Structure formats: structure tokens, C-alpha cells
Asker: 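The structure is given below, and queries will be raised subsequently.
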Amino acid sequence: MPDRAFALRAGRHLGPTVVAAVILLGYAFTNPGTTDLALGVNIGVAAIAAVGLTLTIGGAGQLALGQAGFMAIGAYGTSYLMLDREMAFLPALFLGVVLALVVGVLVGYIALRLHGHYLAMATLAVGTGIHAFLMLPGPLGGANGYAPIPFPEIFGYKLLDPRDQYLLVAVTLVLVLLGSRWLLAARMGRELAALRDDEVAARAVGVNITARKVQIFAISAAIGALAGGVNAPLQTAIDPSLFSTAISIQLFVMVILGGLGNIYGAVFGAALVTWLIAEVPGSGSWALTVLGVVVVVFMAVLPDGLSGVARIGRALLARVARRGPGSGATITEVSK
């Protein structure tokens, strides 16, 4: 039977998703330049992958560092089906996501016996292995990359305009946020929270640990593949460097800066990291240096990430409310 309170809990958190949808979709109609739209596409793609990673790390407490590998599966799978098999964009994207979901199930079974940094190293090895496979000479282009990938076409409409491409990514991000919010509000979300807080206690109250771990890794992998599959045709060319270990670490940093377990914080973290990498002058090493400084500052000032700003704001408002009229010292006139 469905959870009776599911709709109520999901609806309670629908407001932030609606606000995010208005901001993301409305930005396309504020007459931004081509460069700004391209940056928006990069932020949106990173945000989709970061939200998927947040479900694993923050939602279930499983430390995973191989999200770029799943992005690669979605990107190369979609691109191969579109270019070599002449398949339409949406079916190719769907099959690429399904392939990543299957790999995610396998990784989920690996995660059953691993915890902490052992799990992190195992998932990092999976991502590194996928990257190494893509470097091999073959039909996917090896180190030289894979091109030219056709632009996506949806119901006969080819997305050539930068605004249309941005809207594709923005709509995908909104749908991922909506689905993730509903998942966390459902019974599965509460069981994942129990798994994150105390696996032994969760097992004791009847949570199927095996099923939940496998499911969350599969869902996270599918969302990562969705990010890669949507982005690849927009770039028209991909290569293994786009899915290296460094990308997985950047996605992990996005989740940390946004706040563990907060999908909206993951979007802010993705925006901050992507913007820094794009705007810091000089080579990429300078951007990574600045990013490292930002992470240290956040850990010292905002240990809960950007999502902690709202909590601090609520605490300040509550403190001000408690110190309302009549709560402070008063001066009374002494009659003569």
C-alpha cells in the first residue's frame, strides 16, 4: 500500500523545487548572451550529476567517488547510439541511462561489504577503470575523443539555438530535483536516512539494507548518466578527459560545499565550483588552488555547506523573535 503521508511530505518540500524551476527556466528569457548560456549549461549538467551523488553520500551515507564514470557511460552510450546506430536522441539517452543503471547495480553489490574509505576507494577505482577503458583505441575514439555527435532532436525539432540547449538542461535538472525530492520524502528516503545514521539500528527495525544500497547506487548512477547523456550531443564532441578522476573529485566537492543530504545545496555547490573554474584566470591549476582555499574556508565557517546558511538564518530570526518587545531591560519612572 502507498504511504498515506507521502503526498503531504513531498508537497511540503515542493516549494523550493517550484522556485528553482522559475529561476532556472526564467533565466533563459532574460536575454543572456551565448557565453552565459554555455556557462548555464555547464552548471546545469554538473548540478544534475551532483544531485545524484548527493542521494548516495548525503541521503544514504555511502561515500562514493566514481560519479564521473557513470557520466561517461551515459555520454558515450548516447553518442554511440546516435552517431553509429543513427538512433534518435531520446531513445539513445534512455538506453545510455539504463546501461549506467545496470553498472550501478553491480557497484551497489560491491558496496554491501565495504564501508567508509574502503567504499570510497572502490567506487573511485570503478570510475578510474571506466576512464582507462575509454582511453583504449577502438570504436569510441580512445584518447582522441568521439565526434561529430549530432545535435539532439526532440519530436522533429533540432536544438541548435543556445537558449534551447540551455532549456533542455534546465528542464532535466528540474525533473531530477522533483524526482529526488519525492524519493527522499517517501518511505525509501526515511529508510535511507536510517541507513545513513546507523546501519545496525536500521537493520534491527526491518530496513532491507541490501536492497536500499543497491537501489540508491543504481539511481545515482542513472542520474549521473542522464547528465552525461544530455550534455554530450550539446558539445558535439567528447573525450575521456571530461570524465577523469578529477571530475569525480570536483563533483564530490560540489556536494560538500552544498551541504550533505541537501539536493538544492548541491545545485548551489555545482554553480559555485563551475563558475570558479570558468572565471579564475590562468591555467586550470589556479582554479583548483582557489577552489581548495574555498573548501577550507567553508569547512571553517560553514561546516554544513551552503545549506547551513538557511539554518543559521532561521536561528537568528528565532533569537530576534525571543527578544521581542518587553524582553529587554526597561526603565520605570519612580514617582516622587
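Heavy atoms only: backbone and side chains are in, while hydrogens, waters and symmetry mates are out. The structure displayed is predicted, hence computed values, not measured ones.
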Asker: Within the 4.5 Å heavy-atom criterion, are Phe243 and Ile247 side-chain neighbours or not?
Answerer: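 When only atoms from C-beta onward are counted, Ile247 and Phe243 do not touch, as no gap falls below 4.5 Å.
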Asker: Is the closest side-chain heavy-atom distance between Leu192 and Gln62 below 4.5 Å?
Answerer: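 Leu192 vs Gln62: side chains apart.
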Asker: Is it the case that the side chain of Glu153 and the backbone of Ala88 share a donor-acceptor pair, with hydrogens and angles ignored and the cut-off at 3.5 Å?
Answerer: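 No; judged by distance alone, with no hydrogens or angles, the pair does not exist.
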Asker: So do the side chains of Leu24 and Leu173 get within less than 4.5 Å of each other, counting heavy atoms only?
Answerer: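 In short, these two side chains touch, coming nearer than 4.5 Å.
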Asker: Could you tell me if the side chain of Leu167 sits less than 4.5 Å from the side chain of Phe29, heavy atoms only?
Answerer: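 Yes, at least one pair of side-chain atoms sits under 4.5 Å.
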Asker: Taking the side chain as every heavy atom from C-beta outward, state whether Val107 and Phe70 have any pair of such atoms under 4.5 Å apart.
Answerer: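 In contact.
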Asker: Check the pair Thr17 / Trp182 against side chain to side chain contact (heavy atoms under 4.5 Å, CB included), numbers first and verdict last.
Answerer: CA-CA 11 Å; Thr17 305; Trp182 278 43; over 6 Å; no
Asker: So how far is it from Ser180 OG to Leu175 CG, rounded to the nearest 0.5 Å?
Answerer: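 Ser180 OG to Leu175 CG: 10.5 Å, rounded to 0.5 Å.
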Asker: Would you say Leu195 and Ile209 make side-chain contact, with heavy atoms under 4.5 Å?
Answerer: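 In short, these two side chains touch, coming nearer than 4.5 Å.
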Asker: Would a 4.5 Å heavy-atom cut-off, applied to side chains only, mark Thr123 and Phe217 as touching?
Answerer: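 When only atoms from C-beta onward are counted, Phe217 and Thr123 do touch, with a gap below 4.5 Å.
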Asker: Would you say Val295 ends up clustered with Met254 if hydrophobic residues are merged whenever their side chains have heavy atoms under 4.5 Å apart, either directly or through other cluster members?
Answerer: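 Result: yes, single cluster for both.
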Asker: With no hydrogens and no angle check, is any side-chain donor or acceptor of Gln67 less than 3.5 Å from a backbone partner on Gly52?
Answerer: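 Such a contact is absent between Gln67 side chain and Gly52 backbone.
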Asker: Can you name the one residue among Leu257, Ile43, Val267, Ile277 that meets side-chain contact (heavy atoms from CB on, under 4.5 Å) with Leu272?
Answerer: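 Filter result, single survivor: Leu257.
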Asker: Tell me who clusters with Leu106, hydrophobic residues only, linked when side chains sit under 4.5 Å apart either directly or through other members.
Answerer: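 Reading the cluster by chain and number, Leu106 sits alone, since nothing else belongs.
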Asker: Does Val200 share a hydrophobic cluster with Leu119, counting links as ILVMFWY side-chain heavy atoms below 4.5 Å and allowing steps through other members?
Answerer: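 Val200 and Leu119: separate clusters.
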Asker: Within the 4.5 Å heavy-atom criterion, are Leu124 and Thr245 side-chain neighbours or not?
Answerer: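 SC-SC contact between Leu124 and Thr245 confirmed.
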Asker: Is there a path of hydrophobic side-chain contacts, each under 4.5 Å between heavy atoms of I, L, V, M, F, W or Y residues, that connects Leu95 with Leu226?
Answerer: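 In one cluster with Leu95: Leu226, yes.
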Asker: Supply the atom-to-atom distance Leu37 CG to Arg163 CZ, rounded to the nearest 0.5 angstrom.
Answerer: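 Leu37 CG to Arg163 CZ: 7.5 Å, rounded to 0.5 Å.
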Asker: Under 3.5 Å, is there a donor-acceptor pair between the Tyr109 and Thr210 side chains?
Answerer: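 Their side chains do not contain a donor-acceptor pair, so the 3.5 Å distance test is not met.
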Asker: Supply the atom-to-atom distance Tyr27 OH to Asp36 CG, rounded to the nearest 0.5 angstrom.
Answerer: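 One gets 4.0 Å once the value is rounded to the nearest 0.5 Å.
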